[in-house]
There are 2 protein chains.
Amino acid sequence: MGRPTMNDVARRAGVSLKTVSRVVNGEATVDPALAARVRAAVAALGYRPNLGASMLRRNDRRTRTIGLLLDDAGDPFSALLHRAVEDEAHPRGVHVLSGSLDDDPDRELELATAFARRHADGLILAPAAPDQGYLARELQPGTPVVFVNRPATGYRADTVLAANRSGAAAATRHLIGHGHRRIAFLGATPRFATARSRRQGYRDAMREAGLPTCEAAVPEARGPAATAALLALAEPPTALFAAEHRLTVGALRALRREGLHRRIALVGFDDLPLADLLEPALTVVAEDPAAMGRAAARALFERIEGRAGEPREITIATTLIPRGSGELAP
Amino acid sequence: MGRPTMNDVARRAGVSLKTVSRVVNGEATVDPALAARVRAAVAALGYRPNLGASMLRRNDRRTRTIGLLLDDAGDPFSALLHRAVEDEAHPRGVHVLSGSLDDDPDRELELATAFARRHADGLILAPAAPDQGYLARELQPGTPVVFVNRPATGYRADTVLAANRSGAAAATRHLIGHGHRRIAFLGATPRFATARSRRQGYRDAMREAGLPTCEAAVPEARGPAATAALLALAEPPTALFAAEHRLTVGALRALRREGLHRRIALVGFDDLPLADLLEPALTVVAEDPAAMGRAAARALFERIEGRAGEPREITIATTLIPRGSGELAP
DNA sequence: GTGAAAGCGCTAACAC
DNA sequence: GTGTTAGCGCTTTCAC
């Protein structure tokens, strides 16, 4: 009952346990005849090595597992990032254990701790909690971490971020360049640094053009209401910059409902599927979640393989994609 | 160097190793005073249990890990399914190891085998290979499997499928009900049972209405070309049923390019984000990936917890969502 | 090139 | 209640 062990294989092949271990691990120093007998026994018994046991004894102590903690595995941004991480891990024989945080600090702590107890070789984390100081306590010493999408507080490690500030400034300048002067900013509540950076980029561009700012900072679900409120102003904006994809969708719906989608310009942060098939097609500043995942995974594997030195900050460029909604005249 | 072990805690607390084990595992039969000393030592040393070691010795042999093998972690359908699985696993203290198969049989075998070597407690698999017979060899005996999204061949286990045939029939009947008689089917190459079921549903509805069928079976990337070919027929269809979401997007683009998107009716299988903001808005037969993930995970955990009996087949209903593109008159 | 003995960190079984 | 002994399945060390 239960799987056969190395011992069973050794007995059947008439060799020592250690010889089986050598064959299974592909160490060259085994007589071909013995190796063949071992392999025959492995096949006959259906022997499969137990990775948990080998990891316990092995010197390098690698589980060949990394942990990936993102906001929501079901969200397209996280999904693409996840896939990119997997694509870096797979050729290295590493598997990905993942979890969704839903902006919940407790859940971050819980999952990061759980992955540490499982001896993940490293962690990629999109911080949800206000502070990551707990990592120093909970992680196995020497376990590398890479932060992605949001900067961390209280723990220093490599960090991969989108060019939020410059991307937001580019979006705003694009609208200014098309003649707009009353450009409203629709952003998430500035709880996260990402939201603050994007607002800052908007302000940079407005200030350098000598234009007054007009900002709405709301929870992500309140996009339609916030857009409606902006449109109801005495001097309503002629253009909107929506700094989160959920707010972009909210703005789209509100403009549609008011019949203003061909009159008011709109640029969104983050690309959306089908954005090119809307009428007018949606102009966006696209992030590159796959590039972020790739960069984060590469940085993590470099650290796992021993790279030393100061934490690095890696910025992934954004791309302005003009499609129509951002080129409407005021 | 390295983490402190239970032994270190025991020494520091002046108790036996077994007492530490009892405290750490929350067994009640420990003197409160001793337990307090142990907990103090745990805190002082920063002791964290090693799950791998405990799993090796434990009787239940649970790793509290399940494997999830889907087509592509970056795809919205897989992502939502993944998230639903995670939501069932999380309250049970179980973590999810995932991998993308990209319709590659070798990759399915490789990843399923790898997860088996890691002693995952169970596996949720969207089959990519033509045969799953290898599972009998590779899995730890008694490891339950649930197939999702596609039926398996050569291995019997619980299976969760969308109502592909009846959903496709409903889509086709919807178009027939709106007066269409020349309705073309745009489907993936019938390599997978899913594609065949949808085609069958289309045929069911066409036959029961006494209408001739018109089918294009193409790789998923060839949606625009296949649509263009259908539109170029001597008697072109007045309505399209696109049986995969990538083909739906291809059809949308082709219709748009020909300026026919307000003339030719279109129903897609699988919902798309922003589908309601297109003009005309896209009518779909929506699958419910979250319900599929939930059902698969629940079935898996029931088996892990010992449920016996014949494999079950669970069908998740589809929902027709009329939005405009499917209600265009011929 | 091969094998015997030790032990990774932990829990099971059973004594005390 | 608590401790002792054995050993999960494997790799390491070191002798042969």
Side-chain angles (χ1 to χ4, degrees), chain A residues 1-39 41-42 45-64 116-121 140-142, chain B residues 1-39 41-42 45-64 116-121 140-142:
Chain A
M1 49 213 292
R3 279 258 115 138
T5 72
M6 257 188 190
N7 234 318
D8 301 325
V9 176
R11 210 158 19 234
R12 172 151 187 146
V15 298
S16 82
L17 179 68
K18 177 64 208 172
T19 300
V20 178
S21 170
R22 287 198 179 94
V23 173
V24 167
N25 290 292
E27 292 175 38
T29 62
V30 181
D31 184 282
L34 281 196
R37 255 161 59 206
V38 168
R39 267 189 281 271
V42 164
L45 296 171
Y47 168 77
R48 298 291 173 264
N50 180 331
L51 241 68
S54 91
M55 123 76 181
L56 190 59
R57 195 64 179 82
R58 229 176 235 300
N59 268 346
D60 67 2
R61 251 74 207 322
R62 297 257 176 96
T63 53
R64 308 207 79 78
R117 279 175 179 33
R118 285 168 182 265
H119 290 242
D121 297 336
Q140 309 295 326
Chain B
M1 47 206 306
R3 278 256 119 139
T5 72
M6 258 189 188
N7 235 317
D8 301 325
V9 176
R11 210 157 20 234
R12 171 146 187 152
V15 298
S16 83
L17 192 137
K18 180 64 204 172
T19 301
V20 177
S21 170
R22 287 195 178 97
V23 172
V24 166
N25 290 291
E27 291 175 39
T29 63
V30 180
D31 184 281
L34 281 195
R37 256 162 56 205
V38 169
R39 267 187 283 271
V42 164
L45 295 171
Y47 167 78
R48 299 289 174 262
N50 180 331
L51 241 68
S54 92
M55 123 78 179
L56 191 59
R57 197 61 180 86
R58 231 178 234 299
N59 267 345
D60 67 2
R61 250 83 203 319
R62 297 257 176 95
T63 54
R64 309 207 78 79
R117 280 175 179 30
R118 284 168 184 265
H119 290 243
D121 298 336
Q140 309 296 324

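Letters A, B, ... are given to chains in the order of the sequence lines, protein chains preceding strands, and every chain is numbered from 1.
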Task: Rounded distance [0.5 Å steps], CD in Gln140(A) versus CZ in Arg117(A) - done: 9.0 Å
Task: Per-nucleotide protein contact string for nucleotides 9-16 of chain D (B base, S sugar-phosphate only, - none; heavy atom under 4.0 Å) - done: BBBBS---
Open item on the list: Could you work out how much the helix from dG1(C)-dC16(D) to dC16(C)-dG1(D) bends, comparing the axis of its first five pairs with that of its last five, to 10°?
Closed with: 30°
- [ ] Measure the spacing between CZ of Arg64(A) and CZ of Arg118(B) and express it to the nearest 0.5 Å.
- [x] 8.5 Å
Open item on the list: Any side-chain to backbone donor/acceptor pair from Asn25(A) onto Arg22(A)? Under 3.5 Å, distance only.
Closed with: no
Task: Side-chain donor/acceptor of Arg48(A) to backbone N/O of Ala116(B), under 3.5 Å - done: no
Open item on the list: Can you tell me how far apart CG (Asn50(A)) and CE (Met55(B)) are? Round to the nearest 0.5 Å.
Closed with: 5.0 Å
TODO: Using modelled atom types only, decide if a donor and an acceptor are shared between the side chain of Asp121(B) and the backbone of Thr63(B) within a distance under 3.5 Å.
DONE: yes
- [ ] Taking all non-hydrogen atoms of both residues into account, name the closest pair between Pro4(A) and Leu45(A) and its distance.
- [x] CG-O, 3.4 Å
Task: Leu45(B) CG to dG9(C) P, straight-line distance once rounded to whole Å - done: 14 Å
Open item on the list: Can you tell me if Thr19(A) touches the phosphate of dG3(C), counting only side-chain N or O atoms and a distance under 4.0 Å to OP1 or OP2?
Closed with: yes
Open item on the list: Quick check: closest heavy atoms across Tyr47(A) and Thr5(A), and the distance to 0.1 Å?
Closed with: CE1-C, 3.6 Å
TODO: Check the distance between dG3(D)'s C1' and Arg37(B)'s CZ and give it to me in whole angstrom.
DONE: 14 Å
